[in-house]
Amino acid sequence: MISSAAQQLRASYAFVERNTNLIKRYWSWEVVWLSYSIANSLSVSYIGLGLERIGGLQVDGRRLVLYLVVGTLVWHYLSMIFYWLTDIIGLERWEGTIEYTLMAPIRRLTHMAGQTIFAVVYSLLFTGVILAVSVMLFEIDLASANLAGAALVMLSGSLSFIGVGIVGSTLPLLFPERGSQMTHVIIAALLLVSGVYYPVEVLPGILQRLAIVSPATYVLRGVRAALLDGASLPTLWPEIWPALLMGLVAIPAGLHAFGLAERYAKRAGKLARSG
Amino acid sequence: MNEIAIQARDVYKVFHKQRGHLPWERSDGHSGRQQAVALDRVSFEVRVAEIFGVLGPNGSGKSTLVRVIATLLLPDGGTVTVFGHDVVREAIAVQRLINRVSVEASFFKKLSPMENLIYGARLYGLSAAESRTRIIEILTRLGVERWAIDQPVERMSRGMQQKVAIARALLTRPALLLLDEPTTGLDPRSKREVHTLVRELRDLNSTTILLTTHDMLEAESLCERIAIMDAGRIVALDTPEALRGTVALHQGHPPTLEDVFLELTGKLLTADGK
Ligand SMILES: Nc1ncnc2c1ncn2[C@@H]1O[C@H](COP(=O)(O)OP(=O)(O)OP(=O)(O)O)[C@@H](O)[C@H]1O
Ligand SMILES: [Mg+2]
């Protein structure tokens, strides 16, 4: 029993190590991707400073910049976790190793755990670099921010996106050709309704209703309340529990769905076609 | 231990060829669904420490059979057990006992053989430290040069990659080794090295081996018994000598295994569009 648990733990490290090796070998791609993300993130944040000039409005540029920086960082972080998890099958199908991984004596939980640990660490580091650049360029004042509160909101957000990612990871199993594209649709919908760059209140009613079921809505609102207004923990709780709950529901539901999708793929012959 | 390594009973597998990607493109129920019966009530047994060959024309179902045994495909009917464990209900127990080499060497192309194999080893619960020396040992034995072990796999020739694939399977010391055309693409010397290795595995470790191949001489020299498949069915199963005995003298000379193959296969219509 213990040796079996140790074996599963060791196996889940296999995915961390493998992904680390992969990004080392594809490092030039990582540099491109990081530069792109930094440019993307900064150009959104500069809108905060630009707005005053564009509209001649009386806005608090600093506050606006922080609002947008939070949006772009949180979104980068959450969507990156999502993509690493949904790519769990696509990555290996592309390399052709999928059958070898799926015939290894490991539980899917072990497999997902390994990929999740990697996804979270990678996304933290990646977003950390963008954060560092943002802090250098914009005079961000966090003196009155509730950093611990923001971290707690992010934790519940991570859980919920791990759940959403696991649910999304079934798509490439079910649809070998189109599954990956479908995951882009999920992320685009979440980007639209969750209030990444604007309060959800500006959306039409129907989209606002969708915002309620997006965990990102709560995460963004919570992190902003913590960093911009220094909101205390009791004030943040209404943003923490919904994301937490979604994660606690989506993770087991996603694992179960993945199991079913895997059975379907093994019955229909969707894992590999050649050989 | 159980005397039987693989027991297959009435294994049935059918593939549906779909027309479109989207649900409404393919849900025309009656008319457009084509199906291919890849395994048509296949039954056989492989004894422990036996080298068992599976021959058959392209598309006769050999790889499908291997995948069902390897828990990568679920059968639509019948049962397969590996050392007494059902491949559907006790998949993880089966997975611990097997490994597989397929025609195409499937690796993370940018990673080195060492990195690929350590990944594989960890999935089977082996530690990196104990695996490292063994990986070098096995790869050297198979004739992979030292310098290549830490270079990206994509820089190796196809045959070399195939050797790494064989090493990956040997690394986990499987009780049952599934070899799906393992020597396709290997030069004659490398083929012989693989043959020697296969015999050694059987003799020293009592490894059971199921091997598919298009090389009749390979089948004849390695396998104790051979099943010949055609259109998803086993049309003959016996020792190489007995199989040769089933065909009459061929143009004055004793029949070869190839004569038997040609005689027994390719006559059935494929089940497509049935
Ligand atoms: N994943 C799959 N999806 C749909 N059809 C499949 C799939 N795998 C195999 N088939 C079909 O099943 C039949 C048997 O294929 P299989 O790959 O088992 O043949 P094989 O004997 O290994 O052939 P080869 O000698 O060319 O390797 C073929 O008609 C093939 O098209
Ligand atoms: Mg084949």
Side-chain angles (χ1 to χ4, degrees), chain A residues 3-29 91-108 110-111 114 174-179 181-182 262-275, chain B residues 13-16 18 21-23 36 38 62-64 66-68 70-76 88 91-112 114-116 118-128 152-154 165 168-169 172 178 180-181:
Chain A
S3 77
S4 153
Q7 182 176 335
Q8 297 288 320
L9 206 66
R10 199 178 265 174
S12 77
Y13 181 67
F15 297 97
V16 178
E17 185 183 55
R18 178 202 75 188
N19 291 341
T20 309
N21 285 333
L22 279 174
I23 59 171
K24 267 195 245 157
R25 288 295 157 92
Y26 288 104
W27 66 269
S28 51
W29 163 247
L91 172 88
E92 293 213 58
R93 213 197 293 270
W94 186 72
E95 296 270 12
T97 53
I98 185 74
E99 289 195 311
Y100 288 90
T101 298
L102 291 191
M103 67 178 266
I106 52 165
R107 305 196 173 282
R108 220 40 75 211
T110 308
H111 189 175
L174 298 174
F175 311 100
E177 295 92 355
R178 294 275 170 272
Q181 279 100 314
M182 291 181 195
E262 187 178 336
R263 281 187 77 82
Y264 164 77
K266 286 181 173 176
R267 189 163 295 287
K270 303 250 176 196
L271 288 184
R273 319 202 109 176
S274 58
Chain B
K13 182 75 216 165
V14 57
F15 290 109
H16 299 282
Q18 283 158 354
H21 300 305
L22 300 167
K62 303 181 298 295
S63 299
T64 304
V66 168
R67 286 198 171 99
V68 169
T71 74
L72 290 167
L73 278 175
L74 296 174
D76 296 317
V88 178
I92 290 203
V94 172
Q95 288 161 351
R96 284 204 185 94
L97 296 168
I98 63 169
N99 215 321
R100 160 177 170 260
V101 178
S102 59
V103 209
E104 78 286 5
S106 318
F107 292 105
F108 292 95
K109 300 168 220 24
K110 288 262 189 280
L111 302 190
S112 66
M114 183 58 93
E115 288 164 333
N116 271 290
I118 287 202
Y119 167 65
R122 283 195 198 277
L123 293 184
Y124 286 76
L126 307 171
S127 79
V153 170
E154 64 184 357
R168 169 171 58 193
T172 66
L178 302 165
D180 194 353
E181 298 185 38

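Throughout, protein chains are lettered first and strands after them, A, B, ... in sequence-line order, and every chain is numbered starting at 1.
Taking the side chain as every heavy atom from C-beta outward, Glu95(A) and Leu22(A) approach each other to under 4.5 Å.
Here the CZ atom belonging to Arg67(B) is positioned 13.0 Å from the CG atom belonging to Leu74(B), to the nearest 0.5 angstrom. Distance check: Glu92(A) CD to Arg18(A) CZ gives 4.5 Å after rounding to the nearest 0.5 Å. Put simply, CG on Leu123(B) and CD on Gln8(A) are 10.0 Å apart, with the number rounded to the nearest 0.5 Å.
Of the listed residues (Lys266(A), Arg107(A), Arg263(A)), the one with the most heavy-atom contacts under 4.5 Å to chain B is Lys266(A). Among Ala14(A), Ala11(A), Ser12(A), the residue making the largest number of heavy-atom pairs under 4.5 Å with chain B is Ala14(A). When each of Thr172(B), Val66(B), Asn116(B), Leu126(B) is checked for heavy-atom pairs under 4.5 Å with chain A, Leu126(B) comes out on top.
Between Val94(B) and the options Leu97(B), Ile92(B), Ile98(B), a side-chain contact (heavy atoms from CB on, under 4.5 Å) holds for only Ile98(B).
Only the backbone of Pro75(B) comes within less than 4.5 Å of a heavy atom in chain A; its side chain stays farther off. Heavy-atom distances place both the backbone and the side chain of Ser127(B) under 4.5 Å from chain A. Contacts between Thr110(A) and chain B at a heavy-atom distance below 4.5 Å are absent for every atom of the residue. Val153(B) does not touch chain A: none of its heavy atoms, backbone or side chain, sits under 4.5 Å away. In this structure, the portion of Phe15(B) lying under 4.5 Å from any heavy atom of chain A is its side chain and not its backbone. Only the side chain of Lys13(B) comes within contact range of chain A, with at least one heavy atom under 4.5 Å from a heavy atom of that chain. Contacts between Asn99(B) and chain A at a heavy-atom distance below 4.5 Å involve backbone atoms as well as side-chain atoms.
By the 4.0 Å N-to-carboxylate-O rule, Lys24(A) lies too far from Glu115(B) to be salt-bridged with it.
Between His111(A) and Phe15(A), the angle of the ring planes stays under 30°, which puts this pair in the parallel group of the 30/60° scheme.
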